[in-house]
Amino acid sequence: MEYNFKEIEKKWQKNWDAAGVYHVPNPAIGAEAKPKFYVLDMFPYPSGAGLHVGHPLGYIASDIFSRYKRLKGFNVLHPMGYDSFGLPAEQYALETGQHPATTTAKNIETFRQQLGNIGFSFDWSREVRTSDPQYYKWTQWIFLQIFNSWFDRNENKARPIADLVEIFEQTGNIPDNGQRQIPKTFSAAGWKAFSDDEKLEVLMEYRLAYSAFGEVNWCEALGTVLANDEVVNGVSERGGHPVEKKKMLQWYMRITDYAERLLTGLEKVEFSEAMKEMQRNWIGRSEGAEIDFKIRECDKTLKVYTTRPDTIFGVDFMVIAPEHELVAEIVSDSQKASIGEYLSYVKSRSERERMAEVKQITGCFTGAYAVNPFDGREIPVWIAEYVLAGYGTGAIMAVPCGDQRDYLFAKHFGIPITNIIGEYYNGEEANPTKEAILFNSGFLNGLKMQDAIGVALGKIEEERIGKRKVNYKMRDAGFSRQRYWGEPFPIVYRNGVAYALAPSELPVELPFVENYKPGPEGQGPLANIPEWVNVNSREVKLQLPVWHLIPDPLGIEKDDQSLVDVSLKRETNTMPGYAGSSWYFLRYMDPHNNEEFADRKFTDYWNQVDVYVGGTEHAVGHLLYSRMWTKLLYDLGYIGFDEPFKRLVNQGMITGKSYFFQVSDEKIISYNEDEVEPVFKRFKHGHNYVDTSARLAKSEFSKYSTESAGDSNELEIQWQNQGGDEFILLKEESEKMSKSKFNVDNPDEIIRHYGADTFRMYEMFLGPIEQSKPWDTKGIEGVHRFLKKFWRLFFDETKSRIWTKENPTREELKILHKAIKKIGEDTERFSFNTAVSAFMVCVNDLTDLKCRKKEILEPLLILLAPYAPHISEELYHELGNEEFIVDAVYPHAELKYLTESEKEYPVSINGKLRTTIIISLDELQEVVEKIVLANEVVKKWVADKPVKKIIFIKNKMVNIVV
RNA sequence: GCCCGGAUGGCGGAAUUGGUAGACGCAGCAGACUCAAAAUCUGCCGUUCGCAAGGAUGUGCAGGUUCGAUUCCUGUUCCGGGCACCA
């Protein structure tokens, strides 16, 4: 009987589906629940291209782990869904006029089918789609929770905005009662005197989701604002369009308030060190001091931020950002003209230019001087674009002997340099050392810089000329997109003041639009629908503003809003892609709940995601946002944990191989195994053998050239010469799979050829899960052969069934238990490639012994089931089992089969020469005697030297030191 | 420039805490079965000296610690990734 994977896989996929084996209901309330385990994949954006072989890598890994944990007795939550809002669907809609909902649904259908072919154990009854109104109702609801919260800095957590109103009513916004400091200060009486709109305006400064005018990354080509992490090198991450800074009224997440907790939270999660490092860099914490410098000319102080207060005596000039508010006030009459010129120069520079010309040194003297608070030195104040307005105080004290940028600036403008680090400064470049002993440094003289930092800080605080300060590079995250295909905000405006809609108004559904073109003045497409934008207060219910004392202009409190006639405007922006993905792992726990985003009982039960599998590309985006939302929901008491993901596993990319002839820097001729495309573009290479020694002869070149490509003379091709033949060699490159590079391999093809089980095992066999690796189908035969070999332990080609119920020998049991131990350990630590190898070793051993015994084979099937579920299921039933293999119990390795009473041990002398002896593990005394005996045996090598030491190493070998 | 990774046969990769380096697979070579092919099976397979037994050498490079180093330490080269005027 042949291994007919097609039939087997179809059959079991159907049976599993019909029996609902992968449906995992929530535990009954009050019932004793099994221990839980939550395995989650980063849900995909359903793109039109469908799956390629790189996609399922993580899904296969998580599927193996889920199945394994289930066999180990855990109640495993393993759901899947779609991050279905997003830019590409909308771009596609713009081009073709099809509604994004239609194309998204179609794409999801394709994904679902492709995923189904691979035999995953997802619980599809829990599927979520972020674009489903029943889902985004709760995205909007959570947004309102964030909107209605502020961050208490004393308690270091989010609290309801109502608490803040209470504080204001009692004490105003005095410092040190936990609020962020804003320029506008007021007493309790002052607060009470504010109008409604003024109060709301003040509260907006505190809300964790707030709207404000801000410099945003505006992308003209995409017609939208992008978050910092969506901009790469001054161009958009998607599409590579130029991005410029623009002031716009935008919604933001006040993620900076969580900076410290996002940082310290990393200590209690298992992410790779690289991933943690990326997040730490992004958050960018630095400890330092804010120091006040008096301006000589007027009664102003210049506040600078520095991490090196120890260098304060080395300050030779000050630099403030061109946008700094003090510029206009301190500029001297004689410098007014040149400063004005410089400012307009800075304004003319695009973000891109500034990025590209980092090395260029520009700046302008203001004519003003600052006074060093310690020695009274007068220090010139400059403006320069290299100082950023948005970081620290937007002003720095420049120490040219210690900071390379300051050094170059000083040299460029001929500012004299003070040396405070003695011989550590060579006069040719700055030295940022902390080792030097300080010179020319007043009270710090003779101190090592490292120690001087603390001394200087102490003095600064003591003399009240500054204070310790921690800064973060991370900025608040933009939360508005001028797009159609996203969650509408549950916000309306009255005279430009934002009001939250009442929860009963949720979901605010996306209205239908005729076209997806941007609205006027950079607004989103929703602005094109006046009948949706303009609403009357009779039609919608608003949330009550939190202070109850003021008159109720909208009639909200009396619940008869209908009596009041106020015209309102809806927010026309939509939420960004990361909104829906910041909390989806919670929805899976209770996906059909209409009353809450998820019942607290179930979020308590399923709790954190135990293993989260996905790519590294979300390091500073999705992962930070979802960590923040989780912390916020925790602070407000909606969930019981403040880190969403306990352990993160990053699967590497599977790269595609492209083959091509490079004819110039940009132009290449693609290569396929048996054809060279006569166009200058890449071409799919197929997945058979490619003749890597293929050549393109100069004489053949014109055949493949097209008009647009030009001829060989123009392209300056480096022809190689061999025996009079001129040619170029084929080049090979591994790169990210993408449609445009024609290097995409589709899993369906592989599955048709070899089956899902082979595909699954092969993807795991390729190499460590975390590592990027090129897709290469050459090795797939080996894995397929393994499965066929495994099959032949049960069936013969002619006789059919050959497995027996004989009792296994000790040797056979040893092979089995070794496999159980090894494969179990490997699976546990996500080392699936070595686990697959262990299967191969085990099956080879059993084949050698001609072992066909049920007692050996059945446990092996359970081991194999997570990796190759279809063939295991078939054979498990063949052995006479009625239930599904997922409900089996994972075997455990018994030690008695793994250890031996006697074994051959290698013996080395001084770690070099070797012989072997056979000894018993049980009696160590005997071991030593035998080693000494062995010493006699090997005397010809050691030449009568006395034995100094006998080392018995890890029950594995013996070393004699002479 | 800064911060993380990594470097092992012809190739992908094993070696889990310092303990017989190269598991497993691919490719290759030789053989069995076959009219033949496919499929399957057996043996060999880092380099080097040797008919062989056996020896020498070998984990990017140079050192160090150790009885013993792919593993730990110092320096160095190359490759990959992240950040990039953040004071």
Side-chain angles (χ1 to χ4, degrees), chain A residues 2 232-233 272-282 284-286 288 304-308 311 319 354-355 357-361 384-388 390-399 402-406 408-409 432 471-475 616-617 619-620 652-653 689 734 761-762 765-768 770-774 776-786 788-789 792 797 822 825-826 828-829 831 833-844 847-848 904-912 914 916 948-962:
Chain A
E2 280 277 302
V232 179
N233 294 327
S272 70
E273 215 24 66
M275 173 62 62
K276 288 186 181 181
E277 203 54 37
M278 268 189 251
Q279 295 208 356
R280 285 191 201 112
N281 284 342
W282 187 260
R285 182 183 202 271
S286 73
V304 302
Y305 176 71
T306 182
T307 54
R308 296 294 300 273
T311 62
V319 190
R354 278 180 73 158
M355 294 257 220
E357 298 159 19
V358 163
K359 296 251 154 61
Q360 217 177 72
I361 299 162
E385 60 180 337
Y386 85 86
V387 172
L388 306 173
Y391 182 74
T393 60
I396 62 160
M397 51 179 231
V399 183
D403 182 289
Q404 189 61 13
R405 282 164 327 203
D406 297 348
L408 292 172
F409 193 88
N471 264 328
Y472 302 93
K473 281 190 224 172
M474 186 169 64
R475 302 296 146 81
T616 46
E617 66 270 21
V620 294
M653 246 188 322
Y689 297 101
S734 288
M761 290 196 92
Y762 183 57
F765 185 66
L766 271 175
E770 267 116 345
Q771 199 170 300
S772 281
K773 52 226 152 193
D776 180 356
T777 45
K778 282 183 196 163
I780 204 164
E781 286 286 348
V783 175
H784 193 59
R785 263 197 283 269
F786 156 76
K788 284 197 279 189
K789 209 166 174 176
R792 284 200 303 273
E797 281 157 54
K822 170 86 176 137
E825 284 170 359
D826 284 351
E828 197 74 57
R829 67 188 174 103
S831 179
N833 57 328
T834 53
V836 174
S837 292
F839 277 119
M840 290 172 171
V841 172
C842 175
V843 167
N844 284 346
T847 305
D848 286 348
E904 195 174 73
Y905 291 92
V907 177
S908 66
I909 292 131
N910 287 350
K912 273 179 188 161
R914 285 188 287 275
T916 56
K948 275 190 205 152
K949 208 165 31 166
I950 296 164
I951 307 168
F952 190 68
I953 301 156
K954 290 190 183 177
N955 301 349
K956 260 179 141 180
M957 66 176 292
V958 180
N959 188 34
I960 300 164
V961 184
V962 295

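Chain letters run A, B, ... following the sequence lines, proteins first and then strands; every chain starts at 1. Remember, predicted model here, so these are calculated numbers, not experimental data.
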Please state the [atom1] separation for the pair [N] and [M] - nearest whole angstrom.
N	M	atom1	result
B/U57	B/U65	C1'	23 Å
B/G46	B/G63	P	27 Å
B/C51	B/G43	P	26 Å
B/U70	B/G19	C1'	13 Å
B/U74	B/C24	P	36 Å
B/G9	B/A84	C1'	40 Å
B/U20	B/A14	C1'	15 Å

Tell me what [X] touches on the nucleic acid: a base, only sugar-phosphate, or nothing, going by heavy atoms under 4.0 Å.
X	value
A/Asn833	sugar-phosphate
A/Ser286	sugar-phosphate
A/Asn844	sugar-phosphate
A/Lys276	nothing

Between [atom2] on [N] and [atom1] on [X], what's the gap in Å once rounded to a whole number?
X	N	atom1	atom2	result
A/Trp282	B/G82	CH2	C1'	11 Å
A/Tyr386	B/C85	OH	C1'	9 Å
A/Met275	B/C83	CE	P	11 Å
A/His784	B/U40	NE2	C1'	13 Å
A/Asn281	B/G81	CG	C1'	12 Å
A/Glu770	B/G13	CD	P	14 Å
A/Arg308	B/A87	CZ	P	11 Å
A/Asp826	B/A15	CG	P	8 Å

Once you apply the 3.5 Å cut-off to both distances, tell me the Watson-Crick or G-U wobble partner of [N], or none.
N	result
B/A32	B/U40
B/G18	none
B/G68	none
B/G1	B/C83

Side chain of [X] - closest among [options]:
X	options	answer
A/Ile396	B/A87, B/U42, B/C24	B/A87
A/Glu277	B/U42, B/G13, B/C3	B/C3
A/Ala274	B/C4, B/A14, B/U16	B/C4

Look at the side-chain N and O atoms of [X] and state whether any lies under 4.0 Å from the OP1 or OP2 oxygen of [N].
X	N	answer
A/Lys789	B/U40	no
A/Arg785	B/A39	no
A/Tyr391	B/A87	yes
A/Gln771	B/G13	yes

- Task: Take A/Met278 and A/Ile780, find for each the nucleotide of RNA chain B with the closest heavy atom, and name the residue whose nucleotide sits nearer the 5' end.
- Result: A/Ile780
- Message: Go nucleotide by nucleotide along RNA chain B from the 5' end; which of A/Met474 and A/Arg829 gets its closest nucleotide reached first?
- Response: A/Arg829
- Message: Can you confirm whether the side chains of A/Asn281 and A/Lys473 place a donor and an acceptor under 3.5 Å from each other?
- Response: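 No, no side-chain donor-acceptor contact under 3.5 Å.
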- Query: So, A/Asn471 side chain and A/Ser286 main chain: donor-acceptor pair closer than 3.5 Å or not?
  - Reply: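 No, because the side chain of A/Asn471 does not come within donor-acceptor range (under 3.5 Å) of the backbone of A/Ser286.
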Distance in Å, [X] [atom1] paired with [Y] [atom2], rounded so as to fall on 0.5 Å steps:
X	Y	atom1	atom2	answer
A/Gln279	A/Met474	CD	CE	9.5 Å
A/Glu2	A/Arg792	CD	CZ	9.0 Å
A/Asp403	A/Met397	CG	CE	10.5 Å
A/His784	A/Met761	NE2	CE	13.0 Å

- Query: Mind checking whether A/Tyr305 and A/Tyr391 have parallel, tilted or perpendicular rings, split at 30° and 60°?
  - Reply: perpendicular
- Query: For B/G9, does the O4'-C1'-N9-C4 (purine) or O4'-C1'-N1-C2 (pyrimidine) torsion place it in syn, i.e. within 90° of 0, or in anti?
  - Reply: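 Nucleotide B/G9 adopts syn.
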